[in-house]
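The figures that follow rest on heavy atoms only: side chains count, while hydrogens, waters and symmetry mates do not. In this chain, numbering begins with 1 at the start of the sequence shown.
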Amino acid sequence: MKEILNFLRDLEKNNNRVWFNTNKERYQKVLKKWNAFCESLITEIGRFDADIAPLTIKDCTYRIYRDTRFSKDKSPYKTHFGVFMAKGGKKSMHAGYYFHIGTGNGQEYPHAHMLASGNYCYDNKTVKILREDISDEWETFSTSILGKADSLFVPDMEGALKRIPREYDPNAPYADWMRMKAYCLTVKTDDNFLLEDNLAQRVAELFKTTKPFVDYINRAVDYVKEEIK
């Protein structure tokens, strides 16, 4: 991981095609290490989540090249590596497990190192179902789902509504969950976490505690998918 971190930090300082092409061999070496780590992580998570076991690197990882067509930031390369392991692959719209190595030069995405369980892209029908389920089953959700997740995980409120939808009680214990449009639990980590031995096993152990949450979200996703058929 040290080699990957050093490459990403150097890329952040030299985010241009000339530098990248000059360091293409270094990038290929780093990418090989990253892919090997991802394969190990898929294997580890596949031990407790059968939906993840058949996934391949292509199903879960992303290109380093940025799509700058609609962005003010024209930097050609991402300065992070991410792997998203979800039922059916990264484009399936299912909740899953995302691990992200940034430069570590900040506490926000994409700089921060992080783990995330869930997903950021749900259609309106899925969000409606999740709001109804969580509000109706709050005691079960808070104890048997959230209560199982490691205490390091916190709900990600990025992009949440400023106000609670009027059909829900703003004073209810589940009120913040009614504001969400992206249902995700996250953990920010530091360099020390990345550089200790057995990273894939340690990350998988943390993710294992969020499997009930991922399953709960995917129940709604699958219901909507089945309804559309």
Would you give me the side-chain donor-acceptor pairs under 3.5 Å for residues 72-83, sequence neighbours excluded?
{"unit_1": "Asp73", "atom_1": "OD1", "unit_2": "Ser75", "atom_2": "N", "d": "2.9"}
{"unit_1": "Asp73", "atom_1": "OD1", "unit_2": "Ser75", "atom_2": "OG", "d": "2.7"}
{"unit_1": "Lys74", "atom_1": "NZ", "unit_2": "Thr68", "atom_2": "O", "d": "2.6"}
{"unit_1": "Lys74", "atom_1": "NZ", "unit_2": "Ser71", "atom_2": "O", "d": "2.9"}
{"unit_1": "Lys78", "atom_1": "NZ", "unit_2": "Arg63", "atom_2": "O", "d": "2.8"}

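No side-chain heavy atom of Phe84 sits under 4.5 Å from any side-chain heavy atom of Tyr97. When side chains are defined from C-beta on, Met114 does not count as touching Val187, because their heavy atoms never get closer than 4.5 Å. Leu206 has its side chain within reach of Phe193: a pair of non-hydrogen atoms, C-beta onward, lies under 4.5 Å apart. No side-chain heavy atom of Ile52 sits under 4.5 Å from any side-chain heavy atom of Lys87. The side-chain heavy atoms of Met157 and Arg179, taken from C-beta on, include a pair separated by under 4.5 Å. Between Thr186 and Leu115 there is no side-chain heavy-atom pair separated by less than 4.5 Å. Looking at Tyr183 and Tyr120, their side chains never come closer than 4.5 Å, going by heavy atoms from C-beta outward.
Annotation: Tyr109 is not in aromatic contact with His111 [ring centroid separation under 6.0 Å not met]. If you look at Phe20 and Tyr27, their ring centroids are closer than 6.0 Å. A distance below 6.0 Å separates the ring centres of Phe37 and Phe99. In this structure, the ring of Tyr174 has its center no less than 6.0 angstrom from the ring center of Trp177.
Within 6.0 Å of CD on Glu139 lie no more than 12 heavy atoms contributed by other residues, nucleotides or ligands. More than 12 heavy-atom neighbours from other residues, nucleotides or ligands sit within 6.0 angstrom of CD on Glu137. Residue-environment remark: CD (Gln107) stays at or below the threshold of 12 foreign heavy atoms within 6.0 Å. Within 6.0 Å of atom OH in Tyr62, more than 12 heavy atoms from other residues, nucleotides or ligands are found, so the atom counts as buried in its surroundings. Around the CD atom of Glu25, the shell of radius 6.0 Å holds no more than 12 heavy atoms that belong to other residues, nucleotides or ligands.
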Check your understanding: Phe153 and Thr210: side-chain contact (heavy atoms from CB on, under 4.5 Å), yes or no, with the steps?
Key -> CA-CA 9 Å; Phe153 283 95; Thr210 67; 3.6 Å; yes
Practice item. Given salt bridge (Lys or Arg N to Asp or Glu O under 4.0 Å), test Lys208 with Asp49 step by step and report yes or no. Key: CA-CA 8 Å; Lys208 185 176 182 179; Asp49 191 330; over 6 Å; no
Review point. Which is it for Arg131 and Tyr168 under the side-chain contact (heavy atoms from CB on, under 4.5 Å) test, yes or no, and what are the steps along the way?
Key: CA-CA 9 Å; Arg131 286 175 178 163; Tyr168 297 104; 3.5 Å; yes
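Nearest heavy atom pair, residue Ile164 against residue Pro170, reads CD1-CA, 3.5 Å. Nearest heavy atom pair, residue Lys188 against residue Ala112, reads CD-CB, 3.7 Å. Shown here for Ala149 and Leu185, the closest heavy-atom pair between the two residues is CB-CD1, 4.2 Å. Listed here is the closest heavy atom pair of Phe213 and Cys184: CZ-N, 4.1 Å. Heavy-atom minimum distance, Val214 versus Gly96: CG2-O, 3.8 Å. The minimum heavy-atom distance between Leu199 and Leu194, with the atom names listed, is CD2-O, 3.8 Å.
Rounding to the nearest 0.5 Å gives a distance of 10.0 Å between CG of Asn14 and OG1 of Thr22. One finds the CG atom of Asn105 at 9.5 Å from the CG atom of Leu5 (value rounded to the nearest 0.5 Å). Distance check, rounded to the nearest 0.5 Å: CE of Met85 to CD1 of Ile57 gives 9.5 Å. In this structure, the separation between CZ on Phe7 and CZ on Arg26 is 6.5 Å, given to the nearest 0.5 Å. Note that CG of Asp222 and CD of Glu226 are 8.0 Å apart. Values are rounded to the nearest 0.5 Å. In this structure, NE2 on His113 lies 10.5 Å from CE on Met1, to the nearest 0.5 angstrom.
Salt bridge Asp215/Lys211: present, at least one basic N to carboxylate O contact under 4.0 Å.
Proximity of a side-chain donor or acceptor of Lys90 to a complementary backbone N or O of Thr61 within less than 3.5 Å is detected. Of the possible donor and acceptor atoms, one in the side chain of Arg202 sits under 3.5 Å from a partner among the backbone N and O of Glu196. Proximity of a side-chain donor or acceptor of Thr209 to a complementary backbone N or O of Asp150 within less than 3.5 Å is detected. For the pair Asn218 (side chain) and Ala95 (backbone), a donor-acceptor distance under 3.5 Å is present. Using a distance-only test at 3.5 Å, with no hydrogens or angles considered, a donor-acceptor pair links the side chain of Ser40 to the main chain of Ala36. Using modelled atom types, one side-chain atom of Asp59 and one backbone atom of Thr56 make a donor-acceptor pair closer than 3.5 Å. No side-chain donor-acceptor contact under 3.5 Å links Tyr216 to the backbone of Ile145.
For Asp123, the side chain to side chain contact (heavy atoms under 4.5 Å, CB included) partners at least two apart in sequence or on another chain are Lys125, Thr126, Val224.
For the residue pair Asn119/His94, the side-chain donor-acceptor check at 3.5 Å is not satisfied.
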